[in-house]
Amino acid sequence: MPVRHSCATANPALRRAPLLLRVTLITCIVCYVEPSNGPPTPEQARAELREWARMNRDRDRRVRQAIAAGLQKKEIHEITGIGRPTIDRILATKK
């Protein structure tokens with residue numbers, strides 16, 4: 001199966017990061033997709049959205065852990081693509 005690295009190609013900082021770091025810090029980076037000759041079927045689209053939701057379910061916890069580990073908001077933004085205002089909202093909410 002081909003591997004699409006959509007987040008990595010969109011983010012220059014992430015392209016420079018070693019693969020192990022990318023996989024360790026980013027859960028949404030690698031999507032396994034079948035080659036297709038057009039748009040997905042409705043069921044394929046639902047399955048992809050469910051997979052996306054599963055992979056991003058604990059985003060807030062991971063952002064808080066990264067801050068606790070000493071990463072700066074700028075770095076979290078560059079690695080994940082999460083907007084800085086969103087990171088601020090995550091940090092403002094207690095869980």
Going through the distances and angles, do T86 and R59 end up as a side-chain contact (heavy atoms from CB on, under 4.5 Å)?
-> CA-CA 11 Å; T86 301; R59 175 197 71 174; 3.8 Å; yes

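With rounding to the nearest 0.5 Å, the separation of CD1 in I82 from CG in N56 is 8.0 Å. Taken to the nearest 0.5 Å, the CZ atom of R84 stands 9.0 Å off from the NZ atom of K73. With values rounded to the nearest 0.5 angstrom, I67 atom CD1 is found 3.5 Å from I76 atom CD1.
For the pair T80 and R62, the minimum side-chain heavy-atom distance is 4.5 Å or more. With contacts defined as side-chain heavy-atom distances shorter than 4.5 Å, the pair Q65/D60 does not qualify.
The shortest heavy-atom contact between I90 and R64 is O-NH2, 3.3 Å. Closest approach of L71 and E75 over heavy atoms only: CG-OE1, 3.6 Å.
Under the 4.0 Å criterion applied to side-chain N and carboxylate O atoms, R50 and E43 are assigned as salt-bridge partners.
Within the 3.5 Å criterion, the main-chain N or O of A45 finds no donor-acceptor partner in the side chain of E48.
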